[in-house]
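No hydrogens, no waters, no symmetry mates; every other heavy atom, side chains included, goes into these values. Please read all numbers here as calculations on a predicted model, not as lab measurements. Sequence lines set the chain letters: A, B, ... in the order given, protein chains first and strands last, and positions in each chain run from 1.
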2 protein chains.
Amino acid sequence: MEKKLEIFSHFEECPVRKVLNRCGDKWSVLILLVLGEVDNMRFNKLHKTIGDISQKMLTVTLRTLEADGLIKRTVFPEIPPRVEYEITERGKSLLVHINKLVDWAEENMEDIMESRAKFES
Amino acid sequence: MEKKLEIFSHFEECPVRKVLNRCGDKWSVLILLVLGEVDNMRFNKLHKTIGDISQKMLTVTLRTLEADGLIKRTVFPEIPPRVEYEITERGKSLLVHINKLVDWAEENMEDIMESRAKFES
DNA sequence: CGGCATCCCTGCCGATACTG
DNA sequence: CAGTATCGGCAGGGATGCCG
């Protein structure tokens, strides 16, 4: 067990942290969830679907997800341009676990909200 | 499927987001992982075990985890004071899914690092 | 020992304007 | 349509000092 603790602590450059930190940002998980529900989706459709994300953060987050090989970006050389995003196999394998987390959150959010309310008082 | 998308998008007050956002901060997951490996742990031991967390953020994060009912805080009225933290059943049920994510990260981090390196060029 | 209060700064993120 | 570029706010988080 001491061994296992060492994995996560004292190593600021811990690779597990490097990977998981990307899931901790504001939009990555949400985008993966959306792209997990469809075959592919264009930039503007993503923008409208998520609703409250800025164009800039949509672009930035899509780029980092692409860099990690979690989504694939396809540019069609047309005018006007068309860009489609789709989740990769690697992304799907991650999404499985993310969906478990979402399910857990749905199951427990009432209790959690109640705990938070009590904790205030 | 459209229904499911609605759950996550366009609702800034989405309760699922409210819950999962707490996992997205810098230290919550790490603390849960540590407390999941032991019966209980005192404040200073936690501080030393994690190593690169500030005292302030350790306190703050422990409080939010406690507020969500994921950990339990026990104060022993001694001098010098002793405070022990332990994971709750709710916390354990979350930890199951978090550990899956960690396993996934360990399995995929090499490929991901390679993808990131290629993406730079 | 286990905090809390304060100051301060980085960097995430949003808003806006411009482009091929 | 799908971006890029720039500016700026502000919240997360670190460093330090004080306290019961």
Q. Can you find a side chain N or O atom of Arg63(A) that sits less than 4.0 Å from OP1 or OP2 on dT4(D)?
A. yes

Q. Between Arg82(B) and dG2(C), is there a side-chain N or O to OP1/OP2 distance below 4.0 Å?
A. no

Q) Between atom CG in Asn21(A) and atom P in dG11(C), what is the gap in whole Å? A) 14 Å

Q.
For dG2(C) and Arg42(B) - does any side-chain N or O of the residue sit under 4.0 Å from the phosphate oxygens OP1/OP2?
A. yes

Q. Is Arg116(A) salt-bridged to Glu114(A), cutoff N-O under 4.0 Å?
A. no

Q: Indicate yes or no: does Arg17(A) engage Asp52(B) in a salt bridge with an N to O separation below 4.0 Å.
A: yes

Q. Going by an N to O cut-off under 4.0 Å, is there a salt bridge joining Glu86(A) and Lys72(A)?
A. yes

Q | Distance below 4.0 Å between Arg73(A) side-chain N/O and dG3(D) OP1 or OP2 | A | yes

Q: Kindly point out which of dG3(C), dG13(D), dG2(C) is positioned nearest to the side chain of Thr59(B)?
A: dG3(C)

(Q) It should be established whether Lys56(A) places a side-chain nitrogen or oxygen under 4.0 Å from OP1 or OP2 of nucleotide dC12(C). (A) no

Q. Ile50(B) has an atom CD1; how far is it from atom C1' of dG13(D), in whole Å?
A. 15 Å

Q. Between the side chain of His47(A) and the main-chain N/O of Ile53(A), is any donor-acceptor distance below 3.5 Å?
A. yes

Q.
Whether Lys45(A) contacts dC1(D) is assessed here as follows: a side-chain N or O lying under 4.0 Å from the phosphate OP1 or OP2. Is that the case?
A. no

**Q.** Length of the line joining Glu84(B):CD and dG3(C):P, which is rounded to integer Å
**A.** 12 Å

Q.
Counting only side-chain heavy atoms from C-beta out, which of dG20(C), dG13(D), dG14(C) sits nearest to Lys26(B)?
A. dG13(D)

Q | Gly36(A) to Leu95(A) - nearest heavy-atom pair and separation | A | CA-CD2, 3.4 Å

**Q.** Short side-chain N/O contact to dG3(D) OP1/OP2 from Tyr85(A), under 4.0 Å
**A.** yes

Q | Rounded distance (Å) that lies between atom C1' of dG17(D) and atom CD of Gln55(B) | A | 11 Å

Q: Return the value, rounded to whole Å, for the distance between atom CG of Leu58(A) and atom P of dC13(C).
A: 13 Å

